[in-house]
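It should be emphasised that the depicted structure is a prediction, and the values quoted were computed from it without experimental measurement. The figures that follow rest on heavy atoms only: side chains count, while hydrogens, waters and symmetry mates do not.
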2 protein chains.
Amino acid sequence: MMLKEGIPRHTQISEWLRDQIETGKFKAEEKLPSENELAKKFDVSRVTIRRALQSLESEEIIYRCQGLGSFVSDDRTSHNLIQLTDFNEDMKKAGLDATSDVRRFVSVDAPAWLAKRLRIEEGNKVVQIDRVRYGNGEPIAFDSTWLPILYGQLLNKNDLSDATIFDILENQYEIPVVKGCYRMSAESADAELAKELNITENTPLFLIDRISYTIGEKPIYYQKRYYRNDKVIYEMTLERSAEDKSSSEMPLKEFVPIFKSNK
Amino acid sequence: MMLKEGIPRHTQISEWLRDQIETGKFKAEEKLPSENELAKKFDVSRVTIRRALQSLESEEIIYRCQGLGSFVSDDRTSHNLIQLTDFNEDMKKAGLDATSDVRRFVSVDAPAWLAKRLRIEEGNKVVQIDRVRYGNGEPIAFDSTWLPILYGQLLNKNDLSDATIFDILENQYEIPVVKGCYRMSAESADAELAKELNITENTPLFLIDRISYTIGEKPIYYQKRYYRNDKVIYEMTLERSAEDKSSSEMPLKEFVPIFKSNK
DNA sequence: CATCAATACTTGTTAATACATGTTGTTCTT
DNA sequence: AAGAACAACATGTATTAACAAGTATTGATG
């Protein structure tokens, strides 16, 4: 096995292992080659192998047992991290077919409350996009998104049926979303929401309110999404590790929307 | 500096450093002694010191710069961890005075939906506790808590004005909460909720639904808490680290209730 | 005075080596 | 057949050694 120059060997080895695990060459709970075998394979010292394995261990990608070996962790679902997902991904995970209808695609003057969130001047132009989101053809959510004209101009009404805003900005224009600030609350459906979501007026809706930022704490868009309360619940799990009973800090294991079935 | 036997030196050294940092002997952004200095101080090899520092680095308690040294991290607020807090703590952080009125403290037969959540048999006795929660004297939330009789008998109506259930079980009876599963949704206020929270009927409320577990995945209690939507918003922030732009996984930085002021 | 080179410090990488400790299966004994 | 002892192999701990590479200061040079 050849190693490049210029990059630390332990880094290359842990990257190689990470890749093998991610692509399924080493499966969950499978035993990895022993330290000595790996050392021989890469022609490095055992210390270097251990350095590589330590990285993976601290990321909880593998775990190790003295006398037994190193193994691929099973709960690869979350390493204290949660995924920032968009609507389509969430739906796909839930096994639902995601579609959306664009109901409004206009340029408006930013009111004060919006300007503050997007860190722009009041009255500046912003693009507003209103969409109904469907899961298996049924309305699940309604959202309004506001983008500064700078970003809004990059979007095109037609693209939005297939791709998400997240997707387009990140993949087509290399504007990554590096931070998201969510707010959760409840609100009752007004006439428009009731009509679009096919529910009666004043039904309570679950509202997620989000500002997405790109590099340098720069807001990209502000989004308000109203979920049909009978269709989706957000769930999150916190777990305190067995060792550390002292603090009440816990890593978040999951934060996922759960789509309810029709019953 | 003396090291004990039986415990790995690198563990003792990283524990010592962790303690020094936590108790403020080394302050945020302060430079730690160099690896060689530490090696001399503890009379161990530099490799052992590096092993100790690596632990702290992977926990993001310190960071290190080649050529410069090792420094205490500043953002000790959250290391991918979020705190599992109870109502009183949340209120205290927000600078509000937390009080509660116990409205119901009864023993009931567990209906099917509750039995499932608490992993007990349908019809088994559970203790139900309904409380109104106040912040600075104003009603903020209403919650119902159900505990299997095993845990419920440990509680006493009078204790619950001051202490939280969380508190009593963990501190008085050493039953730690090691896991919490939260569900968030919206619901409209029924007559009782409207009366207790001093709002009009059918106002949307923000509902947090929680199962708390102790060691061994054993449910301790199930709680439904209705927050007044005009008083509380839950906020959370996700951040993607600068290096790792590949995955869309982000550590959760905060998940906190925000109490709105009267306006 | 500004610039560059030397140097003294820092952390980073890696090897070679030794022994400790936990796990498992084999083999010898009873 | 059951149990004890052992060997083989796994990871864990720790040392000594050397060199690489980044940072900051110092001092000589133009």
Side-chain angles (χ1 to χ4, degrees), chain A residues 1-18 20-21 26-27 29-74 242-243, chain B residues 1-18 20-21 26-27 29-74 242-243:
Chain A
M1 191 59 60
M2 283 290 291
L3 293 177
K4 289 176 211 162
E5 260 181 61
I7 304 160
R9 300 185 193 181
H10 66 82
T11 306
Q12 293 183 58
I13 292 166
S14 63
E15 283 307 316
W16 182 83
L17 282 165
R18 194 196 310 276
Q20 296 289 301
I21 291 166
F26 291 122
K27 281 156 200 159
E29 300 302 326
E30 191 176 334
K31 188 177 171 301
L32 295 178
S34 77
E35 295 179 356
N36 283 320
E37 284 174 301
L38 288 170
K40 207 170 194 176
K41 179 187 182 70
F42 289 103
D43 193 31
V44 297
S45 75
R46 200 181 136 217
V47 183
T48 304
I49 295 294
R50 285 183 64 75
R51 179 75 184 72
L53 292 176
Q54 252 160 48
S55 303
L56 300 177
E57 191 186 21
S58 77
E59 290 178 62
E60 290 181 67
I61 290 170
I62 63 168
Y63 64 91
R64 322 173 70 195
C65 293
Q66 190 174 41
L68 281 177
S70 303
F71 304 85
V72 178
S73 293
D74 190 17
E243 319 96 60
Chain B
M1 191 58 61
M2 282 290 290
L3 293 177
K4 290 176 210 162
E5 260 181 62
I7 303 161
R9 300 184 193 179
H10 69 81
T11 307
Q12 294 183 57
I13 292 165
S14 64
E15 284 307 316
W16 182 83
L17 282 165
R18 193 196 310 277
Q20 296 288 303
I21 290 167
F26 291 122
K27 281 156 202 161
E29 300 302 325
E30 191 176 335
K31 187 175 173 301
L32 296 178
S34 77
E35 296 179 356
N36 283 322
E37 285 174 299
L38 288 171
K40 207 169 195 177
K41 178 187 184 71
F42 289 101
D43 192 31
V44 297
S45 74
R46 197 182 136 215
V47 182
T48 303
I49 295 293
R50 284 183 65 75
R51 179 74 184 73
L53 292 176
Q54 250 160 50
S55 303
L56 300 178
E57 191 186 20
S58 77
E59 291 178 61
E60 291 182 67
I61 289 169
I62 63 168
Y63 64 91
R64 322 173 69 196
C65 292
Q66 192 177 100
L68 280 177
S70 302
F71 304 85
V72 178
S73 292
D74 190 18
E243 319 96 60

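- Where B:His10 and A:Glu37 meet DNA chain D, the nucleotide closest to each residue was compared, and A:Glu37 sits on the side nearer the 5' end.
- A:Trp16 and A:Phe42 have perpendicular rings, their planes meeting at more than 60° on a 0 to 90° scale where under 30° would count as parallel.
- In this structure, CG of B:Asn36 is placed 13 Å from C1' of D:dT16, rounded to the nearest angstrom.
- Distances from the side chain of A:Val47 to the nucleotides C:dA15, D:dT23, C:dT23 place C:dA15 closest.
- Residue A:Gln54 contributes atom CD, which lies 13 Å from atom C1' of D:dA14 at whole-angstrom precision.
- When rounded to the nearest whole Å, the span between CZ of B:Arg51 and P of C:dT11 equals 18 Å.
- Each of C:dT14, D:dG12, C:dT23 was ranked by its minimum atom distance to the side chain of A:Pro8; first place goes to C:dT14.
- Between B:Val44 and B:Ile13, some side-chain heavy-atom pair lies under the 4.5 Å cut-off.
- Taking for each of B:Glu35 and A:Thr48 the nucleotide of DNA chain C with the nearest heavy atom, the 5'-most of the two is the partner of B:Glu35.
- Rounded to a whole Å, the CG atom of B:Leu38 is 8 Å from the P atom of C:dT11.
- OP1 or OP2 of D:dT11 has not a single side-chain nitrogen or oxygen of A:Arg50 nearer than 4.0 Å.
- Distance, A:Lys31 NZ to C:dT24 P: 11 Å, rounded to whole Å.
- Taking CG of A:Leu53 as the start and CZ of A:Arg50 as the end, the distance is 8.0 Å to the nearest 0.5 Å.
- Proximity note for B:Ser45 (side chain, C-beta onward) versus C:dG12, D:dT13, D:dT15: the nearest is D:dT15.
- Not a single donor-acceptor pair under 3.5 Å links the side chain of A:Glu35 to the backbone N or O of A:Ile49.
- Whole-Å rounding puts the A:Tyr63 OH to D:dT11 C1' distance at 14 Å.
- Between the CD1 atom of A:Ile49 and the C1' atom of D:dA10 there is a distance of 15 Å, given to the nearest Å.
- Between B:Ser70 and C:dT11 there is a side-chain N or O to OP1 or OP2 distance below 4.0 Å.
- Residue A:Ile7 contributes atom CD1, which lies 14 Å from atom C1' of C:dT13 at whole-angstrom precision.
- Across all strands, A:Arg9 comes closer than 4.0 Å only to sugar-phosphate atoms, never to a base (heavy-atom distances).
- Side-chain atoms of A:Ser14 and A:Arg18 form no donor-acceptor pair, as typed in the model, at a separation below 3.5 Å.
- In this structure, A:Gln66 and B:Ser34 both approach DNA chain C, and ranking their closest nucleotides by distance from the 5' end singles out B:Ser34.
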